[in-house]
Each structure stands twice: as structure tokens, then as C-alpha cells.
Amino acid sequence: MATNITWHPSLSRAERNQNRGQRGLTIWLTGLSASGKSTVATALEQHLLHLGLSAYRLDGDNVRFGLNKDLGFSEKDRNENIRRISEVAKLFADASTIAITSFISPYRADRDFARKIHGETQGGDEPLPFVEVYVDVPLEVAEQRDPKGLYKKARAGEIKDFTGISAPYEEPLNPEITIKTHEKSVEECVAQIVSWLVEKGYVKSA
């Protein structure tokens, strides 16, 4: 652990939000591989940008090309993967940007950690909103999609610790939003999320 460090205050979140004309928050999409997380996250990012809002998508695979390229898929590495992403998403949200994450994030404890640190404050700042979106798709549907062929490899024993097959996925108990990509189109899922954001006052208009 780091020692001899001191927190250096900057602008307050309220000042940043006022200057940027929007409130920062994190929208955390979680679900099985091939549930549609990345597809919905990409469409949501584009929609928010078209509304003139600052938004940035953090994708599970993309982050492993750089920031987390030293991590594998053991439970310990998965935990560290999500810990780092949680901190990065918090930084984006603190900068009055809408951070959109699309990670399997199979363990409740890791998602709870992400939520917890968004609630931490410095110097009187308000907590950062954390919106958990459960992309709820039956395992058999995800397997049928299998765009990367990962389920097939997992069933053949070529991939160890694969979520939903040889490793657990712990469903969210109380997500803010649940979307079902096997029942609704991508556009309908995005509209559902944006409608919720507008209702809560996080986004001014859709």
C-alpha cells in the first residue's frame, strides 16, 4: 500500500458539473458473455453523445489491451480487473462525464465495491451516482449467440473458469435497471435506460 501520500483537492464536483453543464455518473452494465452488454453500451454512448453530453464507454476486451493487459481470468485477476475499472469509471464520473462500463463483472462483491467507492466523498462533494444495469439473458440464448465461439470452447474444456459454464455468475439482487436483449431491440434497451436517467434527473432530456 502507498504511504506518505496526501489528497490534493481541486474543483468541487458541483463546480465541475456546473461548468460542464451535466452531472457525472457511472452506468455499469453487467451480464453473461454474449448478453449484449457491449452492443447496448456502444449504442447508449452514441445516443448520449448525440444529445450533446460527454460520455465514454469502457469495454471489457478493450481495457485488457492496455490498462489490464497483465491480468488473466482467475478469480483474483477478475477481482483486480473490476477494482481498476471501478476506480477509472469513478474518475470519469468525477470529471462530469457519463462513464459507461460493459463488463461481465460476475461477482456481487466486486460490483458492490464499485458502488461503494462512487459513494465516497471528499471535501463535501456529493456522492457520484452509480447505476447498475443488469443485461438479463438466459444462458441458452447467450450460448446460441456465441459470437466469439467462447461458449463452444468452454464446453470443450479449452477455456477454464468461464462464466456461466465453469465459473459462477452472481446475478444482481437490486439493479437500478434490468434490460432483456432477447426480448427488446438495442434501440428499445437504450430508450429504457435513457428514460430512467431522465426520470431520475441525471439527463435533462432525451
Side-chain angles (χ1 to χ4, degrees), residues 26-48 55-65 67-69 71-86 88-89 99-115 130-197:
T26 290
I27 302 172
W28 190 283
L29 280 75
T30 175
L32 294 170
S33 178
S35 61
K37 298 183 301 300
S38 293
T39 301
V40 171
T42 299
L44 176 60
E45 179 189 33
Q46 292 173 341
H47 183 86
L48 294 174
Y56 191 81
R57 177 177 60 92
L58 295 164
D59 180 80
D61 281 355
N62 292 356
V63 169
R64 284 181 177 273
F65 275 98
L67 177 66
N68 292 346
K69 65 181 179 180
L71 299 177
F73 291 91
S74 66
E75 182 174 348
K76 180 180 178 181
D77 280 1
R78 285 172 182 264
N79 294 343
E80 176 60 14
N81 182 55
I82 297 304
R83 187 196 69 79
R84 295 182 192 178
I85 294 308
S86 302
V88 171
I100 306 168
T101 75
S102 53
F103 296 81
I104 294 173
S105 48
Y107 303 113
R108 291 192 194 104
D110 293 338
R111 301 192 300 266
D112 288 345
F113 169 81
R115 184 185 293 276
F130 182 88
V131 182
E132 187 175 38
V133 180
Y134 177 28
V135 187
D136 182 10
V137 169
L139 176 61
E140 56 269 24
V141 172
E143 280 203 74
Q144 288 171 2
R145 292 174 176 174
D146 202 13
K148 304 174 187 176
L150 299 179
Y151 283 100
K152 184 177 180 180
K153 290 181 179 180
R155 290 291 188 188
E158 297 175 23
I159 301 178
K160 297 181 179 180
D161 301 320
F162 189 79
T163 302
I165 304 299
S166 52
Y169 177 78
E170 299 172 356
E171 297 181 3
L173 299 178
N174 295 293
E176 279 74 15
I177 305 170
T178 298
I179 58 176
K180 297 178 181 290
T181 59
H182 59 299
E183 296 178 357
K184 294 183 177 181
S185 68
V186 173
E187 292 75 17
E188 289 172 327
C189 290
V190 168
Q192 181 183 342
I193 296 171
V194 173
S195 176
W196 188 94
L197 295 174

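The analysis underlying the following values was restricted to heavy atoms, covering all of them including side chains, and did not include hydrogens, waters or symmetry mates. Along the sequence shown, residues carry numbers from 1.
Taking each heavy atom of A142 and A34 in turn, the nearest pair found is O-CB, 3.6 Å. When all heavy atoms are compared, the tightest approach of G72 to D77 is N-OD2, 2.7 Å. Across all their heavy atoms, T181 and S35 have their closest contact at OG1-O, 2.5 Å. Between C189 and V40, the closest heavy-atom pair is CB-CG2, 4.3 Å. Contact between D59 and S38 at its shortest, heavy atoms only, is OD1-OG, 2.5 Å. Residues R64 and L71 approach most closely at NH1-O, 3.0 Å, considering heavy atoms.
Between I159 and I165 there is no side-chain heavy-atom pair separated by less than 4.5 Å. With contacts defined as side-chain heavy-atom distances shorter than 4.5 Å, the pair R145/H182 qualifies. Considering only heavy atoms from C-beta on, D146 comes within 4.5 Å of K152 through its side chain. A 4.5 Å side-chain heavy-atom check between Y169 and T30 finds at least one atom pair inside the cut-off. Contact check for I82 versus Y107: no side-chain heavy atoms found under the 4.5 Å cut-off. The shortest distance between side-chain heavy atoms of R57 and N62 falls below 4.5 Å. Side-chain contact between I104 and K37 is present, with heavy atoms from C-beta onward closer than 4.5 Å. For the pair V137/L32, no side-chain contact is recorded, criterion being any heavy-atom separation below 4.5 Å from C-beta on.
A cation-pi arrangement is absent between R111 and Y134 under the rule of less than 6.0 angstrom and at most 45 degrees off the ring axis.
Other residues, nucleotides and ligands contribute at most 12 non-hydrogen atoms within 6.0 Å of the OH atom of Y56.
A distance of 8.5 Å separates OG1 of T178 from CD of E132, quoted to the nearest 0.5 Å. Between the CZ atom in R84 and the CG atom in L58 there is a gap of 14.0 Å [rounded to 0.5 Å]. L139 CG to Q144 CD: the interatomic distance, rounded to the nearest 0.5 Å, is 10.0 Å. Remark: Q192 CD to I179 CD1 distance equals 6.5 Å, nearest 0.5 Å.
Checked against the 6.0 Å centroid criterion, the rings of F162 and Y151 qualify as a close aromatic pair.
Using modelled atom types, no side-chain atom of R78 and backbone atom of P106 make a donor-acceptor pair closer than 3.5 Å. Panel note: side chain R108, backbone E171; a donor-acceptor pair is recorded below 3.5 Å.
Partner T101 forms a side chain to side chain contact (heavy atoms under 4.5 Å, CB included) with one of T26, I27, V88, L29 and no other, that one being T26.
Taking a cutoff of 4.0 Å between a charged side-chain nitrogen and a carboxylate oxygen, D61 and K148 qualify as a salt bridge. The pair R115-E176 meets the salt-bridge criterion, with a side-chain N (NZ, NE, NH1 or NH2) lying under 4.0 Å from an Asp/Glu carboxylate O. Ion pair E80/R83 flagged as a salt bridge, since at least one NZ, NE, NH1 or NH2 atom sits closer than 4.0 Å to an Asp/Glu carboxylate oxygen.
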The test is side chain to side chain contact (heavy atoms under 4.5 Å, CB included); show your working for I85 and N68 and say whether it passes. CA-CA 9 Å; I85 294 308; N68 292 346; 3.9 Å; yes

Side chain to side chain contact (heavy atoms under 4.5 Å, CB included) evaluation trace for V131 with W196: CA-CA 10 Å; V131 182; W196 188 94; 3.7 Å; yes

Side chain to side chain contact (heavy atoms under 4.5 Å, CB included) between F73 and N81, intermediate numbers included: CA-CA 9 Å; F73 291 91; N81 182 55; over 6 Å; no

